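A short worksheet on the structure shown next.
These numbers come from a predicted model, not from an experiment. Lettering of chains follows the sequences in order, A, B, ..., and the numbering in each one begins at 1.
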Amino acid sequence: MTQRLFLPVIAVAMLLFAGAPVLIAWAPYESTMGLVQKIFYFHVPSWVMMFLSAFVCGVGSAIYLFKGRAAADRVAVAAAELAVVFGLIGLVTGPLWARKAWGVWWQWDARLTMALVLWMIFVAYLLLREYGGPGSEKLAAGVALFGMANVPFVYWSVNVWRTIHPTTNVVPTLVPGMRGALWWSLVAFLLLFTAAMMARVRLEGQRAALDQVYRDLDD
Amino acid sequence: MSVSSATIGQAPSVDFDRLVFDDVSRYFGRRRALAHVSFESGAGEIVGLLGPNGAGKSTALALAATTLQASSGQVCYGSRSAAQLGSALRGRIGVLAHELQLYPELTARENLEFFGALYGLDRAAERSADALARAGLDARADDPVGGFSRGMRQRVALERALLHDPTLLLLDEPFTGLDEASAEALIERLRSLKAAGRIVLLTTHDFENAEAVVDRVVLLKAGRVAAMDSSTGSLRDRYRHAMRVEAVPGGTA
Amino acid sequence: MTRFARVAWLVMRKDLTVEARSRELLLTTLFFAVSTVLVFAFGFVRDGRAVEDAAAGILWIAIAFAGTLALGRTFERERYHDVLHALLLAPVDRPAIYVGKLLGIVALMTTVELVVVPLVALLFQAGLFRYPLHVAALLGLGTTGFAAVGTLFAAMLVRARSRDVLLPVLLYPVTIPVIIAGVRGTAALLQPEADLAMAGAWIGMLVFFDVVFITLSLWTFEPVMTE
């Protein structure tokens, strides 16, 4: 089922990505920021995808931890890897924009800090799985669950701590040309996320199946 | 002997009269620790698990102790599984692990009293004192365990495992570090447990002592049952023979 | 006393007895905390005076670092001779063991703080005793929150490889709200014009954090401890 869906999803994602530069080029030129503003079409979707991945990982981990379903763990690890990848895109594109907008590469602003902390939690999750030895999947699931529960606390605390990031309500006030390009990019990223998840979960599934084959061979 | 007269602290509903391994396998990733192991061990029976290092003896004990879960197959206590029996089952199991599971900073008495209280035993202090007397450690009862020799610690650990008068006793290499007199005492102890209708499962490399006390042996090799018998003859010879031939698929005897 | 509370009490008393006998954790952790304060003092003292808010930051960094060390060591004791398995084998509610370990750690960290807080106040001319109740609330709640997450992580890492380095790697990102709350709350009290409303807001957040994470730990302790 997912196998048959994979090709169309990746194809549409690729088409959208191919079309994105055109749309982004057409989008109105932002007067104060100039060209750098266009990073925004890449930057915002990648953070949205990181939060989505983090959410999927947290839910998958909770199911694995309390119900013991191995399939949920495979979804969780795939999502954790994507959270780290999308987060990395966000962490690279953000400073490029910030250098122009704020005059510095990094600002200890609320949203930046929060994204960095969340990203660190998923890096820690992967480190634990990699170096924790056998049985660390379960421990990592606990970490993911705690990471999820932590989001509102980090959000609140860094917000009180400081805020200079352009707020989310920037989206409705965008001129129509910009809004269209942003939504286009968001859909493209979402499909990319879906395709990557499908491929990665399938790979983990195959790995588990291979382990099973080895065990059966052993019998 | 106080074993049979000691009060049983747990509800009788948890009790069981045999331990059953039903086609049990345990894997760590791809590595096989135990594959399709089936055997039974009844009340009043002492079963020895023998086999070379890495044969899966400790894994089998951990599975019986509920500290590990089987990848497939079932470990049953009577007719029920650990999941069905819940946490009260753990109160019916006594474990003497290879690592002795004692706090070196605490005295022998404190170690016993701590675990006695944790198991919810009434008269924990009294029972601990009796246990120390049985272990011949009255004189050292209030010394920290860290200063004890391996053999002495082994005796304390055995008393700790038996303090709550468990139905199922699991012993990992109980003869390690014991001098001849202590080994004799342990054999006596095991015999009295057998007489009291306890289920005893032990692993060992010590053929002489095993021969003196074990009713039946299960020979493990690379995670499988290589042989299972209760026949007479030198245990060492049978072991050598079993280790040379191929493992029996399914492990039925 | 319920059975749950009794088990937690037994485990905590056992930890404190062991510690009273060896004093290893208390002395090493305490000295480590003092060393941390000293090291950071070299970083943040200019012209004989600490830079703004440095005292609050240094205090909480020292607590977090020393706490991590204590958490690792206290579970090393359970790992040594495999006693943790014996605890898990006892027919008790396993979360009670978690609570006992948590209480032991909080007691230890509180003892360390009794020395470190006056030391920071003295070395950085910080008015930590101007609002003793607020400072105590921040320290108590912050320590509990940090230890609540730390006790669960340290307990589950007992059977992991590279546990020494993985503990801080996992613990710090998750406890960042505690550190921010502790530092900002304390800094608000140390200003020339203390901002009690702000300190109160941070104390409130810490209460929420503690409730959520202790609940979550009690929930997850059993599944993460079974193999």
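Summarising the local packing, CZ of A/Phe42 is surrounded by 12 or fewer heavy atoms from other residues, nucleotides or ligands at distances under 6.0 Å. Within a 6.0 Å sphere centred on CE of A/Met120, heavy atoms belonging to other residues, nucleotides or ligands number 12 at most. Within 6.0 Å of atom CZ in C/Phe208, 12 or fewer heavy atoms from other residues, nucleotides or ligands are found, so the atom counts as exposed in its surroundings. A 6.0 Å sphere centred on CZ of C/Arg130 holds more than 12 heavy atoms belonging to other residues, nucleotides or ligands. Around the OH atom of C/Tyr80, the shell of radius 6.0 Å holds no more than 12 heavy atoms that belong to other residues, nucleotides or ligands. For C/Phe129, the CZ atom counts as densely surrounded, since its 6.0 Å shell holds more than 12 non-hydrogen atoms of other residues, nucleotides or ligands. Crowding of C/Phe32 atom CZ: a count of heavy atoms from other residues, nucleotides or ligands under 6.0 Å exceeding 12.
Of the residues considered (C/Ile180, C/Val224, C/Thr220, C/Val174), C/Val174 shows the highest number of contacts with chain A, using heavy-atom pairs under 4.5 Å. The candidate from C/Tyr172, C/Phe213, C/Phe153 with the greatest count of non-hydrogen atom pairs under 4.5 Å with chain A is C/Phe213.
Across all non-hydrogen atoms, the minimal contact from A/Asn150 to C/Pro177 is OD1-CG, 3.3 Å. Listed here is the closest heavy atom pair of C/Arg161 and A/Gly133: NH2-CA, 3.3 Å.
Contact annotation for A/Phe66: only side-chain heavy atoms (C-beta onward) come within less than 4.5 Å of a heavy atom of chain C. When heavy atoms are compared at a cutoff of 4.5 Å, C/Leu216 approaches chain A by way of both its backbone and its side chain.
Annotation: side chain of C/Trp219 is not in contact with side chain of A/Leu145 (no heavy-atom distance under 4.5 Å).
Interatomic distance, CZ of C/Arg163 versus CG of A/Leu139, reported as 11.5 Å (0.5 Å rounding). Remark: C/Arg184 CZ to A/Ser157 OG distance equals 11.5 Å, nearest 0.5 Å. Note that CE of C/Met225 and NZ of A/Lys138 are 11.0 Å apart. Values are rounded to the nearest 0.5 Å. Atom CD1 of A/Ile121 sits about 7.5 Å away from atom CD1 of C/Ile176, to the nearest 0.5 Å.
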Steps toward side-chain contact (heavy atoms from CB on, under 4.5 Å) verdict (A/Phe146, C/Leu152): CA-CA 10 Å; A/Phe146 272 56; C/Leu152 183 84; 3.4 Å; yes
message: Please determine whether side-chain contact (heavy atoms from CB on, under 4.5 Å) holds for the pair C/Val169 and A/Leu128, giving the CA-CA distance in whole Å, both sets of side-chain angles, and the decisive distance to 0.1 Å.
response: CA-CA 9 Å; C/Val169 163; A/Leu128 174 56; over 6 Å; no
